[in-house]
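In what follows, a single structure is set out as C-alpha cells and then discussed.
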There are 2 protein chains.
Amino acid sequence: MRALTLENHLQFQANHAQPRSGDGECLVRVRLAGICATDLQLVNGYMRFRGILGHEFVGVVESGSSSWQGKRVVCEINCVCRACDMCLSGLANHCRKRTVLGIDGRDGCFADFICVPEANLHEVPDALTDEQAVFVEPLAAAYQTLSQYPFGPKTKATVIGSGRLGLLVTQVLATTGCKLTVIGRNEVKLSLAEKRGVQAVHVDELVCRGDHDVVVECTGSPAGFDLATRLVRPRGSIVLKSTYAGEQGVNLASVVVNEITVLGSRCGLFSEALDALVREAVEVRSMITRTFPIDQAMEAMASAARPEHLKVLLDMRK
Amino acid sequence: MRALTLENHLQFQANHAQPRSGDGECLVRVRLAGICATDLQLVNGYMRFRGILGHEFVGVVESGSSSWQGKRVVCEINCVCRACDMCLSGLANHCRKRTVLGIDGRDGCFADFICVPEANLHEVPDALTDEQAVFVEPLAAAYQTLSQYPFGPKTKATVIGSGRLGLLVTQVLATTGCKLTVIGRNEVKLSLAEKRGVQAVHVDELVCRGDHDVVVECTGSPAGFDLATRLVRPRGSIVLKSTYAGEQGVNLASVVVNEITVLGSRCGLFSEALDALVREAVEVRSMITRTFPIDQAMEAMASAARPEHLKVLLDMRK
C-alpha cells in the first residue's frame with residue numbers, strides 16, 4: 001500500500017506492507033486524512049516517533065468486525081489498556097500504557113490502510129462529507145476547551161493563533177456567545193474569523209491591558225505564552241491547546257504574581273465534534289486550502305508547513 | 001531611625017529619616033520582622049525595588065488613628081486604590097495601582113517605624129507572642145493554597161521545598177488530613193516536617209510515578225517546576241507558591257500532554273492565619289533559627305541566604 005513514513009527521514013513509500021488487524025481491531029481503508037502541526041513537529045523530532053505518520057482521518061471499515069464492516073468511520077487516537085489507574089479512574093485518554101495513532105508507538109493514517117481498536121471507532125452520519133468528517137479529531141480537541149472553562153456571554157476571551165487549530169477553537173468559542181477576539185499574523189486567516197463575526201486583531205496592532213478573563217493559546221510557542229500572560233487579567237485563565245515541542249522555556253513569574261490558572265488541554269469528545277458538524281455549528285470546508293493525492297504526500301507536508309496554508313488534506317480515494 | 005535600605009546596594013542606616021503618615025495611614029513602631037526569600041530576590045534585582053526592605057512584621061501603632069493607637073498589629077502588604085476594576089471586582093490584592101510594602105513602590109518594615117494604610121491593619125490577640133505574630137503574612141500566603149485546591153483525606157499531595165515557605169505550607173496542608181509528602185534537600189529541615197507526622201523524602205531518594213493529585217511548588221526554581229510535572233498525575237494540579245525571579249524558563253510540554261492545571265498563588269487572608277496560630281493548628285516557633293538586633297541587619301540578611309537557616313528575624317525592641 002501507499003504510505004508516508006518517518007524513519008531517519010520522511011519518505012513516501014509506494015509499496016509499504018499492508019497492516020493486519022489484531023484482536024479487537026479493525027482494518028480501515030483510509031479515504032481522506034488531515035495534516036496537523038503535530039505531524040510537522042514529529043518530523044522535527046518530537047516524541048522520537050518512527051512509523052507511518054498521521055492521526056486525523058475518515059475511512060471505511062474493510063475487515064475485522066462484522067458489525068462495523070462497510071461503515072464510514074472516524075477514530076479516536078488514544079489506544080488504551082482499560083486496566084491502569086488512569087483508565088479505571090475514567091481518564092482513559094491518559095492511559096499509562098497508551099499508544100497514539102501516528103504519534104506514539106503506533107502507525108498512523110497517512111496510508112491506504114490503518115489498523116485501529118474497534119472501541120475507538122465512531123460512525124460518520126450520512127449528512128457529513130468526507131471533507132467535514134476529516135476535521136472531527138481536531139474539532140474534538142477544540143471542544144475540549146469548553147469542558148475546561150465556563151465560557152459564557154460575559155466572558156472576555158481571546159484566541160492566540162489564527163492557524164488550523166486557532167480557527168477551530170475560535171469557532172467553538174463563538175458558539176458560547178462570549179466576547180471573543182482572535183489574534184494572528186496572517187491577514188487572510190484573520191479575515192476567515194472576521195467573516196464569522198469574530199473580532200480579529202493583527203499581533204502588531206495589539207494593546208495588552210491585562211483584562212481578558214481567558215486566553216486560549218494555540219501557537220505552542222514561548223512567545224505565544226508570554227503574550228497570553230500579558231493579555232489575561234489577574235486571576236484569569238490561560239488554556240494551552242498546542243504542544244510545546246521546543247527547548248526554549250517560558251517565564252512563570254507573572255503566573256504567580258497575578259495568580260493565573262494555566263490549563264493544559266489535549267483531546268476531546270468525538271461525539272461533540274460530530275454533533276457540531278451535523279448541526280453546522282462549525283464550518284470547516286473553507287479551512288481546506290489544498291488537497292493532495294497520497295502519492296504527493298511529501299509535497300503536501302511541505303505545503304502544510306507554509307504559513308499561507310490552513311488545512312492540507314491527503315486524498316487516498318484515487 | 002534605624003533602617004535596612006536597598007539603593008544601589010544593601011545598606012544599614014543608623015539615622016534614616018523617620019516616615020510621616022499620610023491620610024488614612026498609621027505610623028507603626030516595628031517590634032519584630034521576618035526575612036523572606038522575596039527579600040533576598042529583591043537584593044538580586046527582582047522588581048527593581050528601591051527603598052526600605054521588609055514586609056513581614058509585628059508592631060505597635062504609634063500614631064495616626066485614635067482607634068488604633070497603642071494596639072499591637074500585623075499588616076497586609078498590598079496597599080490598594082479601591083477604585084480600579086480589580087478592587088471593584090473584589091480582587092483588591094490585584095489592584096492595578098497597588099504598592100506593596102517593601103516590595104513595590106513603598107518602604108517596608110526593616111526599620112524602627114513604618115507607615116501603613118489603616119485599612120491594612122489587623123490587631124494581634126494577646127494570646128500570641130511577637131514571635132508567632134511575625135509569621136502571619138507568610139502563613140496567610142500558605143493558607144491561600146487551601147482556597148485554590150479542594151484538599152481532603154483522599155488527596156495525595158506533595159510539597160516541594162522544605163524551606164521557610166515549604167514548611168509553613170506543609171503544616172497548613174497537614175491540617176486537612178491529606179496524604180502528604182514533603183521533598184527537600186536539608187535533613188534538619190525535613191526532620192521538622194517528620195516531627196509533625198509528615199512523610200519527608202530527600203530529593204535524591206525520590207521516585208517519580210506521576211501519581212500525585214496535587215504538588216505545591218515552594219522553591220521558585222525551574223528545577224522545582226520540572227520535578228512537579230514528573231510527580232503530578234495526568235489531570236492533576238501544580239500550585240506555584242514562589243515567585244520565579246530568574247531568566248531561566250520552564251518547559252510546558254507535559255502540562256499540555258498530561259492536561260495539568262497550574263495555579264499561581266500569592267497572598268492570603270490574615271484572619272485565617274491569626275486564627276490558626278491562636279488555635280495552635282500551626283507551630284512556628286521552632287522555625288526561628290536566628291534573631292538579630294536590627295543594628296545587625298546586614299549579618300541577618302547574609303544568614304537568611306544560607307541553606308541551614310529557616311526563619312531569620314530582625315528585632316527592633318532593643
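Note on naming: letters A, B, ... go to the chains in the order of the sequence lines (proteins, then strands), and numbering restarts at 1 for each one.
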Smallest separation among heavy atoms of A:Asn258 and B:Arg98, with atom names: OD1-NH2, 4.4 Å

Note, [X] side chain near [Y] side chain (heavy atom, < 4.5 Å):
X: A:Arg96; Y: B:Asp211; value: yes
X: B:Val262; Y: A:Thr261; value: no
X: B:His94; Y: A:Arg233; value: no

Give, as side chain, backbone, both or neither, the part of A:Ser237 having an atom under 4.5 angstrom from any heavy atom of chain B. neither

Which region of [X], side chain (C-beta onward) or backbone (N, CA, C, O), has a non-hydrogen atom less than 4.5 Å from a non-hydrogen atom of chain A, or is it both or neither?
X: B:Asn93; value: neither
X: B:Ser89; value: neither
X: B:Leu91; value: side chain

Roughly how far apart are A:Gln148 CD and B:Glu259 CD, rounded to 0.5 Å? 5.5 Å

Just how far is it from atom CZ of A:Arg209 to atom CG of B:Asp85, taken to the nearest 0.5 Å? 11.5 Å

Do other residues, nucleotides or ligands put more than 12 heavy atoms under 6.0 Å from the CZ atom of B:Arg185? no

Determine the option with the most heavy-atom pairs under 4.5 angstrom with chain B, choosing from A:Leu240, A:Val250, A:Val239, A:Val257. A:Val250

